[in-house]
There are 2 protein chains.
Amino acid sequence: MSASTSDKHAGESSGLALDTDLGWAIRMVSSAFRRVATESVADLPGGARAYLVLVALASGEPPSQLALAKAVSLDRTVMTYLLDDLEAHNLVTRRPDPRDRRARQVLLTDAGRTRLNQVRENLAAAEAKLLVDLDEHDALQLRTLLARVAQTAQSSSAAPAETDC
Amino acid sequence: MSASTSDKHAGESSGLALDTDLGWAIRMVSSAFRRVATESVADLPGGARAYLVLVALASGEPPSQLALAKAVSLDRTVMTYLLDDLEAHNLVTRRPDPRDRRARQVLLTDAGRTRLNQVRENLAAAEAKLLVDLDEHDALQLRTLLARVAQTAQSSSAAPAETDC
DNA sequence: TATTGTTATACTCTATAACTATA
DNA sequence: TATAGTTATAGAGTATAACAATA
């Protein structure tokens, strides 16, 4: 574990080190991803969050803004101006839901789908840059484990009740 | 999101889905960690970032503020008021570097070391909560892979030159 | 001239409350 | 009363520039 020099304060020996800290690793990976992904989504109004919205819109029936917000784990208040921006650039459209006059259905336009595919290619390259030191197997392993934790995290955050430890 | 019904828009079949998106997973894991870790570091002035500072201080020689900032990948401008806060609570001390009158050495106090160990126990429980759906092997695997990516990310972010593709 | 620490400023992201129109 | 969408505001976190003291 590369505890090269002095450990007079009992640091590394007790597992107390920055490079083995989960919070530090998450912070570093998160900021590194943002760094490499920023230019990939630079021409997308709304940036990385807008990309997630487009991905969520790419399949299935047109969702309401609230359903969309829950799907990508964004607040519905940010969904409003995110969609404002995307709609102003003709990447999505909003139409009234015929079944519920409070709700609006969100649809991906053809231009939006095209743009999504462009951004997606850029992002694939950026992700490869982030995981450059991992071989194919390890990269897939990391993606899979992250996805699993992400999904359980989404489920548990969506369920605010039932806290019987 | 249970891709049970229609895939008429060729979403999942081309790998274009939210639950397999690396950026989404990183975002979710990052926010989930922040959620579970927040109360663990609630009584620490400066929160999660202050914890990283204390960890970095727990071993080795007392670093300068700049060296400390580089070690935890924080800006030196935030290090200033982070240390202001920690010092005001007697968790760290600053003293002039006898070898360089511009620099100040940062030291962990006994109270700081005690507090660090308390927070560390809380964080261990919070991390377990985050990784609850992973068995011991998978959890270690994820920690290891994240740490590897984090370290290469730190190295590459610290070296802004040498961009010969 | 370059570096250490500090201060100030701005921008992004996030969180919350309040309002409307519908149900 | 509750829900969908909107608007406004406040707070973290981050990034940058400028400054004083020292090298």
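First the proteins, then the strands, lettered A, B, ... as listed; each starts at 1.
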Check: Mapping B/R104 and A/V78 onto DNA chain C by nearest heavy atom, which one lands closer to the 5' end?
Finding: B/R104

Margin query: Please compare A/D84 and A/A103 by the position of their nearest nucleotide in DNA chain D and report the one closer to 5'.
Written below: A/A103

Notebook entry, point to check: Please give, in whole Å, the distance from D/dT7 P to A/L82 CG?
Noted result: 14 Å

Item checked: Electrostatic pair A/D21:B/R120 at N-O distance under 4.0 angstrom -> no

Next item on the list: With sequence neighbours excluded, tell me which residues meet side chain to side chain contact (heavy atoms under 4.5 Å, CB included) with B/A69.
Entry: B/R76, B/M79

Margin query: What is the distance, to the nearest angstrom, from the CZ atom on B/R95 to the P atom on C/dG5?
Written below: 14 Å

Notebook entry, point to check: Between D/dA4, D/dT14, D/dT7, which one does the side chain of B/L74 approach most closely?
Noted result: D/dT14

Notebook entry, point to check: Does A/R94 reach the main-chain N or O of A/E87 with its side chain, forming a donor-acceptor pair under 3.5 Å?
Noted result: no

Next item on the list: Using the test side chain to side chain contact (heavy atoms under 4.5 Å, CB included), find all partners of B/E121 that sit at least two apart in sequence or belong to another chain.
Entry: none

Notebook entry, point to check: For the helix from C/dT1-D/dA23 to C/dA23-D/dT1, what angle lies between the axis at the first five pairs and the axis at the last five pairs, to 10 degrees?
Noted result: 10°

Next item on the list: Would you please name every residue forming a side chain to side chain donor-acceptor pair (under 3.5 Å) with A/T77, sequence neighbours left out?
Entry: A/D75

Notebook entry, point to check: Atom CG of B/D75 to atom C1' of C/dC11: distance rounded to whole Å?
Noted result: 14 Å

Next item on the list: Go through the structure and list residues passing side chain to side chain donor-acceptor pair (under 3.5 Å) with B/R143, not counting sequence neighbours.
Entry: B/E127

Notebook entry, point to check: What is the distance from CE of A/M79 to P of D/dT7, rounded to the nearest Å?
Noted result: 15 Å

Note to self: Tell me every residue that passes side chain to side chain contact (heavy atoms under 4.5 Å, CB included) with A/R102, counting only those two or more places apart in sequence or in another chain.
What the structure shows: A/D100

Notebook entry, point to check: Hey, does A/L107 have a side-chain heavy atom less than 4.5 Å from the side chain of A/V92?
Noted result: no

Using residues 30-39 of chain B as the side-chain source, report each donor-acceptor pair under 3.5 Å to any protein atom, sequence neighbours left out, with the distance given to one decimal.
from	atom 1	to	atom 2	distance (Å)
B/S31	OG	B/R27	O	3.4
B/S31	OG	B/M28	O	3.2
B/T38	OG1	B/R34	O	2.5

Check: Considering only heavy atoms, which members of residues 20-51 of chain B lie under 4.0 Å from some atom of DNA chain C?
Finding: B/R27, B/R34

Check: Considering residues at least two apart in sequence or located in another chain, which fulfil the side chain to side chain donor-acceptor pair (under 3.5 Å) criterion with A/N90?
Finding: none

Next item on the list: Starting at atom OH of B/Y81, determine the distance to atom C1' of D/dG13, rounded to an integer number of angstrom.
Entry: 7 Å

Would you tabulate the pairs of protein nitrogen or oxygen atoms and nucleotide nitrogen or oxygen atoms of nucleotides 18-23 of chain D closer than 3.5 angstrom?
from	atom 1	to	atom 2	distance (Å)
D/dA23	OP1	B/R101	N	3.0

Check: With B/A139, which residues qualify under side chain to side chain contact (heavy atoms under 4.5 Å, CB included), at least two apart?
Finding: B/L131, B/L134

Notebook entry, point to check: In whole angstroms, how far is the C1' atom of C/dG5 from the NZ atom of B/K70?
Noted result: 13 Å

Item checked: Residues which pass side chain to side chain donor-acceptor pair (under 3.5 Å) with A/R99, listed by chain and number, not counting sequence neighbours -> none

Note to self: Regarding A/S64, tell me which of base, sugar-phosphate or nothing describes its non-hydrogen contacts under 4.0 Å with the strands shown.
What the structure shows: sugar-phosphate

Note to self: Using whole Å, what does the distance between atom C1' of nucleotide C/dC13 and atom CG of A/D85 come to?
What the structure shows: 15 Å

Next item on the list: May I have the distance from B/E87 (atom CD) to C/dG5 (atom C1'), rounded to whole angstrom?
Entry: 13 Å

